[in-house]
A.B. asks: 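After the structure tokens below, expect a handful of questions from me.
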Amino acid sequence: MVEKKVKCPKCGNINTISGDPGEVVKITCSSCGNPGKVTFKPIVTDGDTVIEVFDLRKEYGDLVAVNNVSFSVKKGEVLAFLGPNGAGKTTTVEMIESIRVPTAGTIKILGKDVSTSFDEVKEQIGILPQEFFSYERLTVRETLRYFASLYKNPANIDEIIDAMNLKDQEKKLYMNLSGGLKQRVGVAISLVNEPDIIFLDEPSTGLDPKARREVWEVIADLRNKGKTVFLTTHYMEEAEYLADRIIIIHKGKIIAEGTLDELISKHGDESILRIKNCKSTHTLNVLKDKEFDAYAEGNGDIAVKIKYKEQILEILSLLKYECVDYGTIDIRRSNLEEIFLKLTGAKLREAG
Amino acid sequence: MNLKFIKTDLVLGVRAWLRSKGTVFWTILFPVLLIMIFGAIFSGADEVKYDLALQDLDDSSDSQNLTRLLEESGFFKLKIIGNDTDISTYMEDNDLAVGLQIPEDFGKKLDELMGNPTAKLNLTYYIDPTDSTVPNIVRGIISGIVNGYNDMITLSPSIVSIEEETILGEDFDYIDFFVPGMIGFTIMTSMVYGSIERNTKLRKDGILRKMLTMPVTRYEWIFSKMLFMLFLSFISTFVIMVVGIVVWGLNIQINIFFFIIVICTSFMFSGLGMIIGRFVKDQETADMAGGAITFPMMFLAGTFFPLDQMPTFLQSIAQVLPLYYVNEGLRNAMIYANLEKTLYFTGFVVVFAVVFFLIGVFLTKWKED
């Protein structure tokens, strides 16, 4: 059952109405009595869908932290839930993990409604909460043994230690590990039940670049093993590097969704080919004559907007033919940071 | 009930605890140190001499015999005062906490009262009320000496007495009083702070959120943690008792009420910790709140000193403090062997435990808002 707020077209009164996804519900405005119909959007999924979120909403008083978001996650994909701090990422993922209670909406994991049957999916999911720190005075092996003892069919601890490259650290106390290793242990803990779906909430936040890269390799390995990973992050590089699909969330709303290529082609600018330190003065004219969208950047560089990839080869041949002397060639396409800036008017790391 | 998890939680919990030297110190060594220090101060009376102002207004052979007894007891350095000096002024001028005055015609009245079993002849005992310890200890010693004197002069041991009653029974030392209080106090602090840590640090570290997503119920988790807390309670109680017995020759009785009180006290103060942790989310602030509750309770509930020494209004406060019932229950169960009072105090401890623990469990929640 989903709750929806509907504005009466006649008097503007806000009516609250409940219904199941796909259901058409008759409504009468509580203020003016105007009759109407409300259609609840059906959840469109296929057989591979393992997480279904529909019209999920979370309110804290007047603040709407998550504003009716709907999406699904397919089996075996790494989904990056990308957004700045305060965008609603953790609130969303914690509602999916049943840590927080939604104000409205439906969440299904492996076909089970988490509001009523979350216990039934606990054995199939692994979770690394945000800013997770385990027991300080247990060794890595003891930590894994501790959490594994909760499950009916725990994974082999030795196999996890080997897979996560923790063999040299297994006897060290958790408190003595570096930040990167702690996160690696955190991911390892989320694997002690051999889960089908793994939720990683900002796994690399607060880590130095080297430690962050270590965590990425661990997640990439999970992807290679065919695990479904729900990753929340505010690092665009992380999403670009790891995700099969990206959902961008801002101020509680999903503002874009798709693969990296889809997002760039839909929301990004054209790619730019830059001829650095071009010594030939007439190169710009030649490019223009060939109807390229080229312009001088004032520092000796020439920029050319690329509409389709064949243009790149054409430009390279032209440069060779003209025997133009230049420094280097740089081709750059829009990244998630720019897409976020374009969609919201704010920088990803500054927003929120 | 996931017994595998409960066993793992207990075993690894103990192992992690043993690795934390600071926690082990505060749970075991600190109470042991306190017992050694307090025991040395108050129980080594044969090595400590108290200054006692003595004014013999009679100066008869009987009063001199009593003076000699006091002197030979080894407990006192007597400051003999002349008859023309005011004993109170002398004590004040010389910074003495206790004084004893043998009345005029002591010997004569003693002769008259001999053989009369109901007769009383009072010595006057002067005390400095600002000193909360020495007068009570000395009162007990004088009472013992006076009894010995009674035995010496007559078959009826009750002719000569001092006007005030002794607070500590003549068969019990201060250490007998102190050790049960120390057990109650140690369990209280371990449970309150342990519980606060579970409800604040583990929440902050995300462990409670993690637990919420794993196949364990809140009740299984609390149960496993309570087993660990009971382990702490019994190990600290055991160590305190061993030190009391070995070092200070404490005579302890172990009975079912002792176990009931220790277990209920553990649940009671764990519940109190849960309540604090529920309302004060930050661990440091919660620790301060815990200290603000346990520290005054430690003094007001008769842990270190008998309540009789406190002003009446403070004694009334003690009646509503759970630690008071724990301390008195343990004393009556372990030391005084007073079944009636043991039952009375144990009953209160059980009720407090049920109320505090249930409220604590009810208020403890894993889900975030």
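Letters go in sequence order (proteins before strands), and every chain restarts at 1.
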A.B. asks: Below 4.5 Å from any heavy atom of chain B, which atoms of A:Phe147 appear? Answer side chain, backbone, both or neither.
C.D. replies: both
A.B. asks: Heavy-atom cut-off 4.5 Å, strictly under: side chain, backbone, both or neither for A:Thr143 against chain B?
C.D. replies: neither
A.B. asks: Taking the six-membered ring of A:Phe118, is NZ or CZ of A:Lys112 closer than 6.0 Å to its centre and within 45° of its axis?
C.D. replies: no
A.B. asks: Where does A:Gln130 contact chain B at under 4.5 Å (heavy atoms): side chain, backbone, both or neither?
C.D. replies: both
A.B. asks: Is it the case that the side chain of A:Lys167 and the backbone of A:Ile161 share a donor-acceptor pair, with hydrogens and angles ignored and the cut-off at 3.5 Å?
C.D. replies: no
A.B. asks: Would you call the rings of B:Phe267 and B:Phe357 parallel, tilted or perpendicular, taking 30° and 60° as the class edges?
C.D. replies: perpendicular
A.B. asks: Just say parallel, tilted or perpendicular for the rings of A:Phe81 and A:Phe71, cut-offs at 30° and 60°.
C.D. replies: tilted
A.B. asks: Between B:Thr8, B:Ile207, B:Val216, B:Val11, who has the most heavy-atom pairs with chain A when the cutoff is under 4.5 Å?
C.D. replies: B:Ile207
A.B. asks: Is chain A contacted by the side chain of B:Leu202, its backbone, both, or neither, given a heavy-atom distance below 4.5 Å?
C.D. replies: side chain
A.B. asks: Does A:Glu94 come within less than 4.0 Å of A:Lys58, counting only side-chain N to carboxylate O?
C.D. replies: no
A.B. asks: Check each atom of A:Glu131 against the heavy atoms of chain B and say whether the ones under 4.5 Å are side chain, backbone, both or neither.
C.D. replies: backbone
A.B. asks: Check step by step if ring-ring contact (aromatic ring centres under 6.0 Å, His included) holds for B:Phe356 and B:Phe269.
C.D. replies: CA-CA 7 Å; B:Phe356 275 73; B:Phe269 288 115; 7.2 Å; no
A.B. asks: As an exercise: rank A:Lys152, A:Arg145, A:Glu97 by heavy-atom pairs under 4.5 Å with chain B and give me the winner.
C.D. replies: A:Arg145
A.B. asks: Given that the side chain runs from C-beta out, which part of B:Lys201 has a heavy atom under 4.5 Å from chain A: side chain, backbone, both or neither?
C.D. replies: side chain
A.B. asks: Heavy-atom distance under 4.5 Å to chain B: side chain of A:Pro154, backbone, both or neither?
C.D. replies: side chain
A.B. asks: Could you tell me whether a side-chain N or O of A:Thr103 sits under 3.5 Å from a main-chain N or O of A:Glu59, the two making a donor and an acceptor?
C.D. replies: yes
A.B. asks: Is it the backbone or the side chain of A:Leu173 that comes under 4.5 Å from a heavy atom of chain B, or both, or neither?
C.D. replies: side chain
A.B. asks: Relative to chain B, which segment of A:Thr91 carries a heavy atom at a distance below 4.5 Å: side chain, backbone, both, or neither?
C.D. replies: neither
A.B. asks: Enumerate the residue pairs fulfilling ring-ring contact (aromatic ring centres under 6.0 Å, His included) with a member in residues 277-296 of chain B, sequence neighbours excluded, ordered by first and then second residue.
C.D. replies: B:Phe295-B:Phe299
